[in-house]
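Okay, structure first, notes after.
For clarity, every value in this text was computed on a predicted model and none was experimentally measured. Just so we're on the same page: letters track the sequence lines, and every chain starts at 1.
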Number of protein chains: 2
Amino acid sequence: MNRFYEYIRHYTAHPVTSQEQDVLQHAFRPKKLRKRQYLLQEGDICRHLSLITKGAMRQYSVDEKGGEHTVQFGIENWWMSDRESFELGSPSKYNIDAWEDTELLQIGYDDWWRLRSEIPAMRILTAEMDKRHAVASQKRIHAAITLTAEERYLEMMKSQPAFIQRFPQNMIASYLGISPETLSRIRKQAFLRGD
Amino acid sequence: MNRFYEYIRHYTAHPVTSQEQDVLQHAFRPKKLRKRQYLLQEGDICRHLSLITKGAMRQYSVDEKGGEHTVQFGIENWWMSDRESFELGSPSKYNIDAWEDTELLQIGYDDWWRLRSEIPAMRILTAEMDKRHAVASQKRIHAAITLTAEERYLEMMKSQPAFIQRFPQNMIASYLGISPETLSRIRKQAFLRGD
DNA sequence: TGCCCGGCTTGATAAATGTCAAGCTGCTTT
DNA sequence: AAAGCAGCTTGACATTTATCAAGCCGGGCA
């Protein structure tokens with residue numbers, strides 16, 4: 001938990017009082033997942049926000065032909081959830097599972113909203129998260145409608161090298177919206193040109 | 001402004017006191033734009049959030065070849081801004097202009113943050129906006145990486161028919177990430193099959 | 001009125017990307 | 001050690017989508 005208080009202070013510039021630590025400790029629960037274990041399955045309702053403290057996960061959908069489409073990757077200090085299901089209480093269309101052995105801090109919907117009014121730092125943290133999320137979403141949407149497959153990959157190498165290192169190529173491809181074969185060829189081209 | 005208080009009450013279930021109306025009235029400024037007039041140009045810093053009270057606008061980038069790529073449409077009751085430029089104070093990569101004659105209510109960065117702490121309804125409104133934005137972004141990203149051009153268009157017809165009615169096809173195409181010709185052919189196909 | 005221009009369609013062709021099938025490699029499991 | 005499997009690559013081919021060029025149509029404007 002101490003790393004979590006540090007995390008909050010880092011993003012909000014608000015130190016967490018020991019009184020607040022008490023409240024936080026009761027609201028957040030640690031959880032461990034083994035590689036390939038589900039955090040959420042299609043049809044479930046997403047009841048928690050989960051902060052990754054260690055490991056790597058992904059959120060993805062599965063189409064009729066069994067193809068997987070990665071909506072989001074997460075590693076240390078990223079929050080995972082199906083935002084739609086969590087906020088609306090609707091059954092999720094996505095799976096979230098662990099690609100590496102993973103450790104999380106989880107908080108439920110009611111606690112999350114309660115803490116936002118009780119602890120100023122949590123209010124700031126939420127605003128900061130939403131802000132970053134909005135900026136990142138706009139970028140990804142713009143990339144999707146504007147760039148070619150190759151440009152999207154090179155852009156991802158620049159902005160998210162950690163994901164490319166920690167997840168296999170077929171998952172990267174499904175994140176970029178292309179087939180694994182196409183990604184393999186794009187990488188070859190880029191390599192032959194000298195990265 | 002009265003419609004604005006009504007708007008707030010609708011989304012927050014908090015009536016706006018006359019004291020608060022006073023504060024809001026000083027923070028928000030009305031603005032009118034003629035068709036084709038810019039609200040924001042590439043290179044500008046986006047200093048305001050703008051609520052559309054009447055009209056239709058779009059946010060788009062222009063590539064090296066002069067091609068336009070629509071990131072967002074907005075009509076009545078939609079907020080327009082380049083979120084990245086607004087939050088980070090960086091020069092925008094986008095243009096925002098009016099497609100129809102448009103009326104706005106604008107608020108600056110500092111006022112926006114101040115009102116969030118002063119007026120509870122604004123805090124709720126912000127949270128609600130961020131929530132909806134997050135859900136919509138996730139959907140659009142999922143559509144972009146999962147669906148074919150035709151499926152994306154049909155999906156848009158279902159979820160955003162107002163946009164399709166009020167913006168010309170070449171802009172719809174640039175929103176879907178396809179060429180105007182492809183959209184024209186897709187529509188013909190769909191029509192021949194009976195919608 | 002008549003012209004011009006923006007928006008839309010259509011056809012021919014090119015480029016990008018997907019699909020299917022095969023084979024390679026390194027790791028895990030037995 | 002052998003078998004099996006997941007991830008990656010490659011080739012041949014199919015499909016989707018973009019590009020370029022031409023023409024149509026209707027509304028605003030001289």
Side-chain angles (χ1 to χ4, degrees), chain A residues 34-37 56 58 60-70 73 95 97-101 143-157 163-193 195, chain B residues 34-37 56 58 60-70 73 97-101 143-157 163-193:
Chain A
R34 295 226 189 80
K35 179 168 180 165
R36 298 194 181 279
Q37 190 176 341
R58 60 192 275 255
Y60 59 97
S61 68
V62 179
D63 65 29
E64 327 78 52
K65 291 163 195 150
E68 299 182 351
H69 305 274
T70 301
F73 289 123
N95 301 287
D97 64 20
W99 175 242
E100 302 173 3
D101 291 348
I145 65 176
T146 302
L147 305 180
T148 63
E150 171 160 3
E151 290 168 331
R152 295 203 297 280
Y153 175 68
L154 294 176
E155 154 65 26
M156 189 179 178
M157 279 189 68
F163 291 162
I164 295 192
Q165 286 154 16
R166 290 173 71 171
F167 293 92
Q169 270 178 225
N170 60 48
M171 293 183 190
I172 304 291
S174 81
Y175 178 88
L176 295 171
I178 60 181
S179 67
E181 293 95 331
T182 295
L183 179 55
S184 176
R185 291 178 178 118
I186 283 172
R187 296 188 68 216
K188 191 179 174 184
Q189 300 271 6
F191 176 74
L192 291 178
R193 283 202 319 271
D195 259 335
Chain B
R34 294 226 189 82
K35 178 166 181 165
R36 297 193 183 277
Q37 189 176 341
R58 59 194 275 257
Y60 59 97
S61 68
V62 180
D63 64 29
E64 328 77 52
K65 291 163 196 150
E68 299 182 350
H69 304 274
T70 300
F73 289 123
D97 65 20
W99 175 242
E100 303 173 2
D101 291 348
I145 64 175
T146 303
L147 305 180
T148 64
E150 171 160 4
E151 289 168 332
R152 294 202 298 280
Y153 175 68
L154 295 176
E155 154 65 25
M156 189 179 178
M157 278 188 69
F163 291 162
I164 294 191
Q165 286 154 15
R166 290 173 71 171
F167 293 92
Q169 270 180 223
N170 60 48
M171 293 182 191
I172 303 291
S174 82
Y175 179 87
L176 295 171
I178 60 181
S179 67
E181 294 95 331
T182 295
L183 179 55
S184 176
R185 290 177 177 118
I186 284 171
R187 296 188 67 216
K188 190 180 174 184
Q189 300 271 4
F191 175 74
L192 291 177
R193 282 203 319 271

For the side chain of [X], counting heavy atoms from C-beta on, which of [options] is nearest?
X	options	result
B/R185	D/dG11, D/dT19, D/dT17	D/dT19
B/T148	C/dT9, C/dT17, D/dT17	D/dT17
A/R187	D/dT19, D/dT9, D/dT17	D/dT9
B/W99	D/dT19, C/dG7, C/dG18	C/dG7

Q) Base, sugar-phosphate, or nothing for B/R36, non-hydrogen atoms under 4.0 angstrom? A) sugar-phosphate
Q) Does a donor on one side chain sit under 3.5 Å from an acceptor on the other, for A/R187 and A/Y153? A)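 Per modelled atom types, A/R187 and A/Y153 side chains form a pair under 3.5 Å.
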Q: Start with the C-alpha distance between A/I164 and A/I172, add both sets of side-chain angles, then the distance that settles side chain to side chain contact (heavy atoms under 4.5 Å, CB included), and finish with yes or no.
A: CA-CA 7 Å; A/I164 295 192; A/I172 304 291; 4.2 Å; yes
Taking [X] for the side chain and [Y] for the main chain, is one N or O donor matched with an acceptor at less than 3.5 Å?
X	Y	result
B/S174	B/T70	yes
A/N170	A/P180	no
A/R58	A/F73	no

What nitrogen or oxygen pairs link the protein and nucleotides 26-30 of chain D at under 3.5 Å?
none

Q.
Using C1' atoms of five pairs at each end, report the bend of the helix from C/dT1-D/dA30 to C/dT30-D/dA1 rounded to 10 degrees.
A.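 For the helix from C/dT1-D/dA30 to C/dT30-D/dA1, the axes at either end differ by 40°.
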Q.
Evaluate A/R185 against A/E181 for side chain to side chain contact (heavy atoms under 4.5 Å, CB included), listing each step before the verdict.
A. CA-CA 6 Å; A/R185 291 178 178 118; A/E181 293 95 331; 3.7 Å; yes
Could you tell me the separation between the [atom1] atom of [X] and the [atom2] atom of [N], rounded to a whole number of Å?
X	N	atom1	atom2	result
A/Y153	C/dA16	OH	P	19 Å
A/L147	D/dA18	CG	P	14 Å
A/E68	D/dA6	CD	P	12 Å
A/Q189	D/dC8	CD	P	18 Å
A/E151	C/dA15	CD	P	17 Å
A/I186	C/dG18	CD1	C1'	12 Å
B/E181	C/dC8	CD	P	12 Å
A/E150	D/dT17	CD	P	20 Å

Q. Does a nitrogen or oxygen in the side chain of B/K188 sit under 4.0 Å from OP1 or OP2 of C/dT9?
A.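 Answer no for this pair, as no side-chain N or O of B/K188 is under 4.0 Å from OP1 or OP2.
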Q) Of all heavy-atom pairs between B/I178 and B/A149, which one has the smallest distance, and what is that distance? A)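 Of all heavy-atom pairs spanning B/I178 and B/A149, the closest is CG2-CB, 3.7 Å.
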Q | Side-chain heavy-atom pair A/W99, A/R166 within 4.5 angstrom cut-off | A |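 Side-chain contact under 4.5 Å: no.
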Q.
Between B/E68 and B/M171, is there a side-chain heavy-atom distance shorter than 4.5 Å?
A.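 Of all side-chain heavy-atom pairs linking B/E68 with B/M171, none is under 4.5 Å.
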Q: Classify the angle between the aromatic ring planes of A/F163 and A/Y175 as parallel (below 30°), tilted (30 to 60°) or perpendicular (above 60°).
A: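 Rings of A/F163 and A/Y175: perpendicular, over 60°.
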Q.
For the CZ atom on A/R34, are there more than 12 heavy atoms of other groups (residues, nucleotides or ligands in this structure) within a distance under 6.0 Å?
A.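 Result for CZ/A/R34: open.
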Q. By a strict heavy-atom criterion of less than 4.0 Å, which residues belonging to residues 166-179 of chain A are in contact with DNA chain D?
A. A/P168, A/Q169, A/N170
Q. Less than 4.0 Å between a side-chain N and a carboxylate O, is that true for B/R193 and B/E150?
A. yes
